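Notes to accompany the following structure.
Proteins get letters first, then strands, A, B, ... in listed order; numbering begins at 1 in each. The shown structure was predicted, so the numbers you read here are calculated from the model rather than taken from an experiment.
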Amino acid sequence: MYLSKIFAPRLREVPQDADTVSGQLMLRAGLLRKSASGIYTYLNLGLRVKQRIETIVREEMDSHGAQEILMPLLMPAEPWQATGRWDLYGDEMFKLTDRKGRPFCLGPTHEEMVTSVVGAERHSYKELPFNLYHITNKYRDEIRPRYGLIRSREFVMLDAYSFDRDETAVEASYALMVEAYNNIFHRVGLTFRPIQADSGAIGGSSSHEFTVLAENGECSYAACDACGYAANLEIARAQRSSALPPAADSVTAMETVATPAIHSIVEVAQFFGVDAAATLKSILYIVDNKPVLAVVSGDDDVNETKLRKVVHGQEDRLATDDELMATLGVHAGSVGPAGVSVPVVVDASVQQEAAYIAGAGADGFHVRNLVPDRDLKPAFVADIRTVRAGDCCPVCGKLLHTATGIEVGHTFKLGTKYSVPLHASFVDEDGSEKPYVMGCYGIGIGRTMAAVIEQHHDDKGIIWPTAVAPYEVIVIPLNKGDDAVWHAALDLHDALEKAGVSAVIDDREESAGVKFNDADLLGFPVQVVVGNSFLKTGNFEVTLRGNKADKNSVPAHEAPAFIEDLMRTSP
RNA sequence: CGGGAUGUGGCUCAGCUUGGUAGAGCGCUUGGUUCGGGACUAAGAGGUCGUGGGUCCGAAUCCCACCAUCCCGACCA
């Protein structure tokens, strides 16, 4: 391919609205153009990468027993209403109506659709298990699209759905998909780790996220290097390791202290001359329209996901100032946990026998010597704190660290959450109809592409892993005016193409510097320079984009074989 | 949804305070010179100044509304 013929307009300057390395590089290298916030056009080079990732995904899916289908993006509302997600998804779902006024949506995912398709037939247990997957666009009207392809409103996703006879059988289907996922992410060149995760809006019993380490990650997790425990911060557990409050003197009663203009935990700790760990933080939440007071150690943060689970809620949010006033008669800053009329959830790491300082439940006052065991009447005592770096691993007790990553894949065990409401059932051995036990498995293709760039770039540009590179080799003839150079370069290019190696030749009238910089920006794994050294010695200069220091001087006739060999032995 | 910012040739931005009819660099076209890490030179093309309205003799500039984009927040008492 002639470089001048590829529609991949490069940008010298960083586009103003790109907020991540991958986003900038995709725009700069001409892989992508933005159409609207969170909506992109894949230009040719970007499409090629996308297709290569999809090919790897298909190969692994097929070899792990899944079969490809294709479901519509535009879906009727009924199945969504049947599972309750029509409302649950809320504004995040792109909804529309047809000319007759019938409601439709642009699918944010496809559980309802596959389950309806499968449920329309009546299978025998003998035909189980089976797994259906497809790769298409998904639509989610994100509150705030961000990070280029990492959080967009239209995105390409693989999703696979397994159908099993029972809870035992689903384990095997799940394991198969986890294996396929591991293979896929290895093959595309990502370093990643599977972490335990919340199942969120999809629902279901357990789930894992496949997370690649990246600064621009949209997901935070805690991990233990000693035993391998890793979990999304939404659900991560830990042994609290920070300072403890002073032990209680059981005789001393709770005492109210005037604390004018003292609001934050930092101010409270300073005022009383204690560590933040000796204070309690009381925060009023509204969970499913009912108030719940969450109480954690002053140096901790409430984990809303955990809180929601404790009280079996669906949605939660912070109470507004007005609600706070109406419910507890106090402003933020003096909210206290003692003697309140709303349900109180106390974090399990709060010391029951210790003396804490907390808000007094009246503006401008705090209390000291609050002993939880004596002074609080919690509805629940449960783990509702967010894990922090420095906490200890819940499994082995070693130090936990936290990091952010990009969630590129997610696997869920769904149970019968969809098969029951959508009446998807099979006939079991005893002749009875039973709902399928389902699993679902998703991979963000565009996100994977972005993650690959996040992990494989330098200050010059992209460094594509060979497995997903839009082209594998770029041939750079310098001195285009010199016929010998040009023809040698073209011969190499043709020989590579004939050998099945995708190659680009930089046929432009540009100075050497421009060609080198563009080659580095575009990031094709192998660069071949045909220039002065060729004129002197007849050799090409072959380098890997990821290791420019190693220059290989290769005789022209040996170059194709050398390059193929080089690609085979490098990532 | 709240707060903030921005919107000017393809890109990055200046001009706006103090209204007088639009600029730079990059990119693009043509010619010449260059030719191993973003060359030089000459000549050129290219702009409804986000949209609509208002003020004014006159608006990119001032005022209002809307739209779009981005950032921050919705994370804490």
Rounded to whole angstrom, note down the P distance from B/C56 over to B/C63.
-> 16 Å
Of the listed nucleotides B/A77, B/A74, B/G36, the one nearest the side chain of A/Ala332 = B/A77
Is the closest side-chain donor-acceptor distance between A/Glu454 and A/Ser22 under 3.5 Å?
-> yes
G-U wobble or Watson-Crick pairing nucleotide for B/C1 (cut-off 3.5 Å, both distances) | B/G73
Is the NZ or CZ atom of A/Lys95 positioned over A/Trp86's six-membered ring, under 6.0 angstrom from the centre and within 45° of the axis?
-> yes
For nucleotides 39-43 of chain B, print each protein N/O atom paired with a nucleotide N/O atom at under 3.5 Å, atom names and distance only.
| from | atom 1 | to | atom 2 | distance (Å) |
| --- | --- | --- | --- | --- |
| B/A39 | OP2 | A/Ser511 | OG | 3.3 |

How far apart are the C-alpha atoms of A/His410 and A/Glu407, what are their side-chain angles, what is the distance that settles it, and do they pass the side-chain hydrogen bond (donor to acceptor under 3.5 Å, both in side chains) test?
-> CA-CA 7 Å; A/His410 206 151; A/Glu407 178 196 340; 2.7 Å; yes
Would you indicate what A/Val529 reaches in the nucleic acid, counting non-hydrogen atoms under 4.0 angstrom: base, sugar-phosphate, or nothing?
-> base
Integer-rounded Å distance: B/C75 C1' and A/Asn303 CG | 11 Å
Between B/A68 and A/Ser37, is there an OP1 or OP2 to side-chain N/O distance shorter than 4.0 Å?
-> no
With a non-hydrogen cut-off below 4.0 angstrom, is A/Gly531 in contact with a base, only sugar-phosphate, or nothing?
-> base
Could one point to a donor on the side chain of A/Glu510 or the base of B/G38 with an acceptor on the other under 3.5 Å away?
-> no
Any strand: nucleotide that pairs with B/U6 via Watson-Crick or wobble, under 3.5 Å | B/A68
Heavy atoms under 4.0 Å, any strand shown: does A/Leu11 hit a base, just sugar-phosphate, or nothing?
-> nothing
Hey, is the side chain of A/Glu13 pairing donor to acceptor with the base of B/G27 inside 3.5 Å?
-> no
Selection residues 504-535 of chain A - residue pairs positive for ring-ring contact (aromatic ring centres under 6.0 Å, His included), sequence neighbours left out | A/Tyr471-A/Phe524, A/Phe534-A/Phe540
To the nearest 0.5 Å, atom CD1 of A/Ile453 lies from atom OG1 of A/Thr20 at 9.0 Å
Just call it for A/Tyr285: base, sugar-phosphate, or nothing, with non-hydrogen atoms closer than 4.0 Å on any strand.
-> base
Got more than 12 heavy atoms from elsewhere within 6.0 Å of CD, A/Gln239?
-> yes
